[in-house]
Chemist: 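For reference, the structure I am asking about is given below.
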Amino acid sequence: MQLNKNLVTLVFLILSTLCFAADEVVTPDLHDVVESFEWGLLNREAKIIEQDDRIIVHFNGQPGMGGACFQTMDFANGIIECDIKGQPQRPSFVGIAWDVTDTETYDAVYFRPFNFRAEGRQQHSVQYISHPEYTWHKLRKDFPGAYEAAIEPAPDPEEFFHVKLVIKRPQVSVYVNNAEEPCLVVEKQLNKINVGKIALFVDNESEGMFSNLKITHCTEQ
């Protein structure tokens, strides 16, 4: 009888824990980026492409930060996954932003595909930033090597690569192509924003392509 009582108590504790650690999984419809109220375009034009059984959002290139903000969800902690493709033969800056207020205020992890396999430049393949104050230039100057890294093995810059951001404040971990180990881990202590919107991110005249966006929002109390 005592064993049964202990088992009941254990099951109750597990169920109670699950109630306080439920995750909300959202897979935004990328068909809607251009015209839906759920999305807001940021300093870019976008078109939808259906290719190889995937829905792709393609952003044009023009000066400044841009992309599209998913406006119907506030995100604090969890996992953001997406397939991303940049431009391999020219400077290209593509990634995911969160804590987005506007095109001036946000955190982001972005990638430089033109550096993925470039001799002497691979250590600049993935970058964390926290705008408006902590730009890539300031972080590289003040904290060399702390907020950017190489990706091993290096992705093919001509192809889509899969990105998984694990955000458990204050830590941000970046995984590429289902790697078991993160290619970049940073402590997000650069600003005081703790919740905000998520955006597909392109910067500095870059074009970019995005597919298979999935957001797992941790609602743990």
Side-chain angles (χ1 to χ4, degrees), residues 16-28 42 65 67-84 93-112 115 122-152 155 161-204 210 213-221:
S16 298
T17 301
L18 290 175
C19 290
F20 286 97
D23 290 339
E24 177 186 5
V25 179
V26 177
T27 53
L42 303 170
M65 178 271 198
C69 184
F70 187 55
Q71 302 187 113
T72 61
M73 173 187 241
D74 287 322
F75 178 86
N77 289 300
I79 301 171
I80 307 169
E81 296 182 75
C82 194
D83 296 334
I84 301 176
F93 312 93
V94 289
I96 299 293
W98 67 98
D99 292 349
V100 177
T101 301
D102 50 38
T103 56
E104 301 295 329
T105 306
Y106 55 87
D107 278 26
V109 165
Y110 70 85
F111 301 84
R112 304 179 179 102
N115 283 339
Q122 290 178 301
Q123 71 272 24
H124 304 308
S125 292
V126 54
Q127 174 81 53
Y128 167 83
I129 53 175
S130 184
H131 279 211
E133 184 176 356
Y134 294 96
T135 65
W136 72 267
H137 185 268
K138 178 176 176 60
L139 291 175
R140 186 178 293 178
K141 177 176 178 290
D142 294 349
F143 310 97
Y147 292 96
E148 59 182 330
I151 303 171
E152 296 293 345
F161 54 96
H162 184 73
V163 174
K164 180 171 76 171
L165 304 184
V166 179
I167 300 173
K168 188 174 182 181
R169 298 172 195 264
Q171 190 173 86
V172 178
S173 302
V174 184
Y175 298 80
V176 173
N177 287 343
N178 301 309
E180 294 185 3
E181 297 296 327
C183 57
L184 180 68
V185 179
V186 300
E187 295 293 316
K188 182 195 174 323
Q189 298 174 327
L190 303 183
N191 65 39
K192 296 181 180 179
I193 300 174
N194 289 312
V195 65
K197 308 301 183 185
I198 290 171
L200 308 177
F201 173 92
V202 287
D203 199 14
N204 196 25
F210 298 80
L213 176 64
K214 177 182 175 182
I215 303 166
T216 304
H217 185 203
C218 179
T219 57
E220 182 176 355
Q221 302 295 317

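The figures here come from the full heavy-atom set of this structure, side chains too, leaving out hydrogens, waters and symmetry mates.
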Chemist: Where do Glu148 and Arg140 land on the salt bridge (charged side-chain N to carboxylate O under 4.0 Å, His left out) test, with the steps shown first?
Modeler: CA-CA 8 Å; Glu148 59 182 330; Arg140 186 178 293 178; 2.7 Å; yes
Chemist: Report the C-alpha distance between Tyr110 and Met65 in whole Å, list the side-chain angles of each, state the deciding distance to 0.1 Å, and finish with yes or no for side-chain contact (heavy atoms from CB on, under 4.5 Å).
Modeler: CA-CA 11 Å; Tyr110 70 85; Met65 178 271 198; over 6 Å; no
Chemist: Can you tell me how far apart NZ (Lys164) and CG (Asn178) are? Round to the nearest 0.5 Å.
Modeler: 7.5 Å
Chemist: Do the non-hydrogen side-chain atoms of Asp107 and Ile129 ever get within less than 4.5 Å of each other?
Modeler: no
Chemist: Please step through side-chain contact (heavy atoms from CB on, under 4.5 Å) for the pair Leu200 and Ile96, ending with a clear verdict.
Modeler: CA-CA 5 Å; Leu200 308 177; Ile96 299 293; 4.0 Å; yes
Chemist: Quick check: closest heavy atoms across Gly67 and Val202, and the distance to 0.1 Å?
Modeler: N-CG2, 3.9 Å
Chemist: What are the two closest non-hydrogen atoms of Leu184 and Ala146, and how far apart are they?
Modeler: CD1-O, 4.1 Å
Chemist: Looking only at heavy atoms, which two atoms of Cys218 and Asp23 are closest? And how far apart?
Modeler: CA-OD1, 3.4 Å
Chemist: Apply the side chain to side chain contact (heavy atoms under 4.5 Å, CB included) test between Phe75 and each candidate in Asp99, Val195, Thr216, Ile215; give the one that qualifies.
Modeler: Ile215
Chemist: Can you check whether Ala76's main-chain N or O pairs, donor with acceptor, with Asn194's side chain at less than 3.5 Å?
Modeler: no
Chemist: Counting distance only, does the side-chain N/O of Ser125 pair as donor-acceptor with the main-chain N or O of Gln122 below 3.5 Å?
Modeler: yes
Chemist: With rounding to the nearest 0.5 angstrom, report the NZ to CG distance, Lys214 to Asp83.
Modeler: 12.0 Å
Chemist: Using the six-membered ring wherever Trp is involved, compare the ring planes of Tyr128 and Trp98 and label them parallel, tilted or perpendicular (cut-offs 30° and 60°).
Modeler: tilted
Chemist: Among Phe210, Tyr106, Phe111, Phe93, whose ring-ring contact (aromatic ring centres under 6.0 Å, His included) with Phe201 holds?
Modeler: Tyr106
Chemist: So does Gln71 get a backbone contact from the side chain of Lys197, meaning a donor-acceptor N/O pair under 3.5 Å?
Modeler: yes
Chemist: Could you go through Gln127 and Tyr147, starting from their C-alpha distance and side-chain angles, then the distance that decides it, and tell me whether this counts as side-chain contact (heavy atoms from CB on, under 4.5 Å)?
Modeler: CA-CA 6 Å; Gln127 174 81 53; Tyr147 292 96; 4.1 Å; yes
Chemist: With a 4.5 Å limit on heavy-atom distance, are the side chains of Ile198 and Ile80 in contact?
Modeler: yes
Chemist: Considering only heavy atoms from C-beta outward, does the side chain of Pro182 approach that of Val174 to under 4.5 Å?
Modeler: no
Chemist: At what distance, to the nearest 0.5 angstrom, does CD1 of Ile151 lie from SG of Cys183?
Modeler: 5.0 Å
Chemist: Ignoring hydrogens and angles, state whether a donor on the side chain of Asn177 or His162 is under 3.5 Å from an acceptor on the partner side chain.
Modeler: no
Chemist: Can you see which heavy atom on Val26 is nearest to which on Pro28, and at what distance?
Modeler: O-CD, 3.4 Å
